[in-house]
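Below is one structure; the comments refer to it alone.
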2 protein chains.
Amino acid sequence: MGASDNSEEAPSKSKVVTRSRRPRLVDVARLAGVSLGSASRALSAPELVKPKTREAVRLAAAHLSYVVDGAARSLALRRSLSVGVILPTINNPIFADFVHALQQRLSEDNYSLFVSAHEYSRDAETLIVERLLQRSVDGLVLLGTDQDRKAMGQIARAEVPHIFAWSSEENSRISVGFSNRRAMQQVTQHLIQLGHRRITLLSGHTEYNERARARLDGVLDTTSLAGLDAPTTIFSEFSVEAGRHGLREAMAKTPRPTALICSTDLMAAGALSEAAIMGIKVPEELSITGFDNIEFSALLTPQLTTVDVPTVEIGTAAGDAILAAMAGKSIERAPFPTRLVVRGSTGPAPK
Amino acid sequence: MGASDNSEEAPSKSKVVTRSRRPRLVDVARLAGVSLGSASRALSAPELVKPKTREAVRLAAAHLSYVVDGAARSLALRRSLSVGVILPTINNPIFADFVHALQQRLSEDNYSLFVSAHEYSRDAETLIVERLLQRSVDGLVLLGTDQDRKAMGQIARAEVPHIFAWSSEENSRISVGFSNRRAMQQVTQHLIQLGHRRITLLSGHTEYNERARARLDGVLDTTSLAGLDAPTTIFSEFSVEAGRHGLREAMAKTPRPTALICSTDLMAAGALSEAAIMGIKVPEELSITGFDNIEFSALLTPQLTTVDVPTVEIGTAAGDAILAAMAGKSIERAPFPTRLVVRGSTGPAPK
DNA sequence: TTGTACGCGTTATCAA
DNA sequence: TTGATAACGCGTACAA
């Protein structure tokens with residue numbers, strides 16, 4: 001009996017060489033000549049321990065290349081020191097920047113970040129939430145406010161602190177983000193001022209996507225205020241390919257629109273490229289706008305008129321917010337400002 | 001004594017409402033009227049249990065919204081069912097696609113993926129490895145073969161199964177990827193065939209980056225074989241901004257080069273844009289090439305000649321490989337083929 | 001096929 | 001300031 005306690009045993013000669021067990025805290029304690037408790041304190045609450053033991057433990061730990069076992073620690077601590085973020089997709093550079101900023105912020109407070117994307121599948125979303133709950137994330141950052149009801153149910157039952165990031169419409173619940181609606185109002189206003197009256201909107205699907213809805217609303221607000229008819233709206237995915245198709249569809253109508261508002265830069269980039277292929281001059285015959293101000297939007301020809309979103313700031317603020325939420329506090333913050341960036345893809349409406 | 005065992009106690013009235021404890025497996029077992037062991041088996045090895053108990057347990061679990069505690073499970077299982085991937089940066093769409101494919105593959109085998117990027121900082125890299133080891137990842141996917149020695153030391157000591165992905169040069173250790181060197185040979189060959197003799201190379205920094213080195217070597221191989229002088233080489237970061245500066249620097253030389261080889265599409269995109277600003281005609285006055293074939297490279301004007309890399313396939317194969325490695329097997333596989341994509345940014349050398 | 005009891009590695013409590 | 005010991009929640013021999 002007690003065999004499992006005998007850590008001095010040499011690797012048994014006749015067996016295959018097996019992966020050697022990683023050193024545990026007891027091993028460190030023994031080498032340092034202190035108790036388990038002292039070793040634990042020396043590493044995670046050094047101020048509670050005499051400098052001498054502290055050093056002895058540190059030395060022993062370094063000597064053994066000891067790394068604490070996160071699973072055991074989580075179990076004892078009843079927190080995992082990890083946070084999950086659920087993105088719609090990882091295939092939009094705007095989210096990559098956001099995630100990076102979020103990760104940086106959490107890292108400062110010693111939290112790890114689980115990144116996952118559901119790629120607009122509700123099933124995937126439920127599965128992701130389930131996995132994150134298994135991992136006992138201490139907090140959850142949700143992108144957008146319009147999550148799957150089932151997923152939200154799971155989150156609510158598990159009582160995991162969570163925040164909504166990205167969108168922050170006036171009437172929505174508290175979240176860290178900006179107003180898609182107001183941003184799109186500016187875009188539309190810009191086009192109307194340029195004399196455009198026949199506008200087509202290339203929108204993302206609005207089910208489970210309050211961002212797409214808010215952007216759509218922003219356009220409608222503004223056209224209606226200006227006494228225009230509601231613009232033709234085409235619904236599609238948020239991809240470059242969808243932008244191509246959208247442009248074709250838009251330009252198949254008679255009379256042709258003079259402006260195409262796209263829900264994202266990705267779509268606008270596709271539309272721009274397809275316009276070039278069709279020989280449609282931008283902006284002389286058609287103005288095109290995007291949304292997000294991804295780095296590439298300034299590299300297209302013509303450069304894209306778009307909405308700049310403070311991605312990094314939102315990522316950092318989301319980190320602040322979820323850290324606060326996990327600490328039981330709650331942060332109120334005003335929506336972030338966005339900025340219309342007027343570039344070459346928009347111009348006066350043709351006569 | 002034994003008070004902590006009394007799970008029927010009502011929430012104490014006078015205290016603040018606290019976060020209710022999440023249900024444990026015992027709770028499920030009790031509700032299902034079976035033992036802890038049976039409950040455990042019913043959920044993770046259903047075939048070992050009678051259909052009747054299996055169902056009872058499932059029902060109870062669903063009723064309580066039970067989710068297994070990953071930390072406890074890891075501790076008992078001595079594996080975490082998680083894998084880490086260490087990227088140089090998350091700010092290149094090529095890596096985003098790779099990670100997504102990897103994640104998908106691992107997810108099929110019920111593994112979670114920790115994603116982290118060191119952004120070319122060695123310190124960050126060591127910290128990341130340390131964190132991943134704390135989390136007891138069962139395997140590690142390293143992007144590139146040229147990791148920090150210290151980090152590799154940690155990984156070796158911890159004896160964590162790991163694989164190298166992305167690069168796979170002839171003389172390097174086994175890894176899942178493609179030959180950067182051969183790909184760049186093709187690019188250079190293409191330019192030489194177009195009559196270019198004065199070529200400038202805009203390379204990434206080569207310290208700790210075998211990909212940049214291999215690409216550089218590929219260019220040198222080919223120019224030297226063609227009896228040309230070694231091309232002027234400018235070293236810089238892998239960014240759009242660096243591409244802009246690189247182009248300016250390249251075109252400041254007399255005589256000007258007729259072709260600019262860029263180490264990545266990001267750089268090439270910057271160079272292309274800066275050329276437009278300077279009024280340099282591409283490809284009439286200057287041919288420009290990229291590397292990676294990111295989606296946007298086909299949306300630039302002119303479209304970018306570049307090297308297509310089978311990102312998704314590599315991601316999936318990397319998943320296969322690390323799963324195999326964790327199972328104690330090892331996968332041999334030939335390097336993936338790359339493909340030169342000739343588009344509008346390259347043309348005959350000016351007279 | 002099921003139940004019991006122990007171990008996984010750490011932190012927290014409580015005495016000393 | 002330190003040391004002993006009881007959790008933390010789950011998997012799995014082993015016995016029944």
Side-chain angles (χ1 to χ4, degrees), chain A residues 1-7 19-30 32-57 61 64 66-81 110 133-136 138 158, chain B residues 1-7 19-30 32-57 61 64 66-81 110 133-136 138 158:
Chain A
M1 322 78 184
S4 69
D5 203 16
N6 175 10
S7 44
R19 196 171 153 189
S20 56
R21 216 161 38 62
R22 73 192 247 184
R24 297 161 304 162
L25 192 50
V26 245
D27 301 325
V28 175
R30 201 172 299 154
V34 301
S35 77
L36 183 59
S38 294
S40 174
R41 286 183 288 257
L43 294 178
S44 39
E47 69 279 8
L48 293 183
V49 106
K50 271 208 307 216
K52 194 177 164 186
T53 43
R54 190 187 309 163
E55 275 322 301
V57 171
L64 297 175
Y66 169 79
V67 259
V68 47
D69 183 318
R73 165 178 257 213
S74 296
L75 195 56
L77 232 38
R78 261 159 306 219
R79 351 184 266 141
S80 63
L81 291 178
N110 275 82
L133 293 183
Q134 275 188 21
R135 301 260 163 212
S136 303
D138 298 330
Chain B
M1 318 68 195
S4 69
D5 204 18
N6 174 11
S7 41
R19 196 170 153 188
S20 57
R21 216 161 37 63
R22 71 193 246 183
R24 296 162 304 162
L25 191 51
V26 245
D27 301 324
V28 175
R30 200 172 300 153
V34 301
S35 78
L36 183 61
S38 294
S40 173
R41 284 184 288 258
L43 293 178
S44 38
E47 69 280 4
L48 293 183
V49 107
K50 272 208 306 215
K52 195 177 162 185
T53 43
R54 191 186 309 162
E55 275 322 301
V57 171
L64 297 175
Y66 169 78
V67 258
V68 49
D69 183 319
R73 163 178 257 215
S74 295
L75 196 56
L77 232 39
R78 259 157 307 213
R79 352 183 265 139
S80 63
L81 292 179
N110 275 81
L133 293 183
Q134 275 189 21
R135 302 259 165 215
S136 302
D138 298 329

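Quantities reported herein were computed from a predicted structural model and do not represent experimental measurements. Per chain, numbering begins at 1; letters A, B, ... match sequence-line order.
- Contact check for B/Tyr66 versus B/Asp27: no side-chain heavy atoms found under the 4.5 Å cut-off.
- Counting non-hydrogen atoms under 4.0 angstrom, B/Ser74 reaches nothing in the nucleic acid.
- Within the 4.5 Å cutoff, the side chain of B/Asp138 has heavy atoms near those of the B/Ser80 side chain.
- In this structure, the NZ atom of B/Lys50 is 13 Å from the C1' atom of C/dG3, given to the nearest Å.
- OP1 or OP2 of C/dT11 sits under 4.0 Å from a side-chain N or O of A/Ser40.
- In the set C/dT10, D/dT2, D/dC10, D/dC10 carries the atom at the smallest distance from any side-chain atom of B/Ala76.
- The interatomic distance linking B/Arg22 (CZ) with D/dG9 (P) rounds to 9 Å, in whole Å.
- Going from atom CG of A/Asp69 over to atom P of C/dG7 covers 18 Å, rounded to whole Å.
- Checking C/dT10, D/dC10, C/dT2 against every side-chain atom of B/Leu25, the shortest atom distance belongs to D/dC10.
- Among all heavy-atom pairs drawn from A/Val68 and A/Arg73, the shortest one is CG2-NE, 4.0 Å.
- Between A/Arg78 and A/Ser35, it is A/Ser35 whose nearest contact on DNA chain D lies nearer the 5' terminus.
- In the helix from C/dT1-D/dA16 to C/dA16-D/dT1, the terminal helix axes, each the rotation mapping four pairs' C1' atoms onto the next four within five end pairs, subtend 40°, rounded to 10°.
- Residues B/Leu81 and B/Ser74 are not in side-chain contact: their nearest non-hydrogen atoms beyond the backbone lie 4.5 Å or more apart.
- A/Arg41 contributes a side-chain N or O that forms a donor-acceptor pair with the base of D/dG3 under 3.5 Å.
- The nearest whole Å value for the distance from the CG atom in B/Leu75 to the P atom in D/dT12 is 13 Å.
- Between B/Leu36 atom CG and D/dA15 atom P the separation is 19 Å, expressed in whole Å.
- In this structure, A/Leu43 places its CG atom 13 Å from P of C/dA12, rounding to the nearest Å.
- Look at CZ on B/Arg135: it is 15 Å from C1' on C/dG9, rounded to the nearest Å.
- Positionally, the nearest nucleotide of DNA chain C for B/Gly37 lies more toward the 5' end than for the other of B/Gly37 and B/Ala72.
- For the pair A/Val34 and A/Lys50, the minimum side-chain heavy-atom distance is 4.5 Å or more.
- Looking at heavy atoms from C-beta onward, B/Val57 lies out of side-chain contact with B/Val49 at the 4.5 angstrom threshold.
- Contact detail for B/Ala39 and B/Ala29: the closest heavy-atom pair is CB-CB, 3.8 Å.
- Taking 4.0 angstrom as the limit, B/Thr53 places a side-chain polar atom (N or O) nearer than this to OP1 or OP2 of C/dT2.
- Along DNA chain D, the nucleotide nearest to B/Ser38 and the one nearest to A/Val34 differ in position, and the one closer to the 5' end is contacted by A/Val34.
- A sub-4.0 Å separation between OP1 or OP2 of D/dC10 and a side-chain N or O of B/Arg73 is absent.
- Remark: the B/Ser136 side chain and the A/Arg22 side chain contain an N/O donor-acceptor pair separated by less than 3.5 Å.
- Between the CG atom of B/Leu77 and the P atom of D/dG9 there is a distance of 17 Å, rounded to whole Å.
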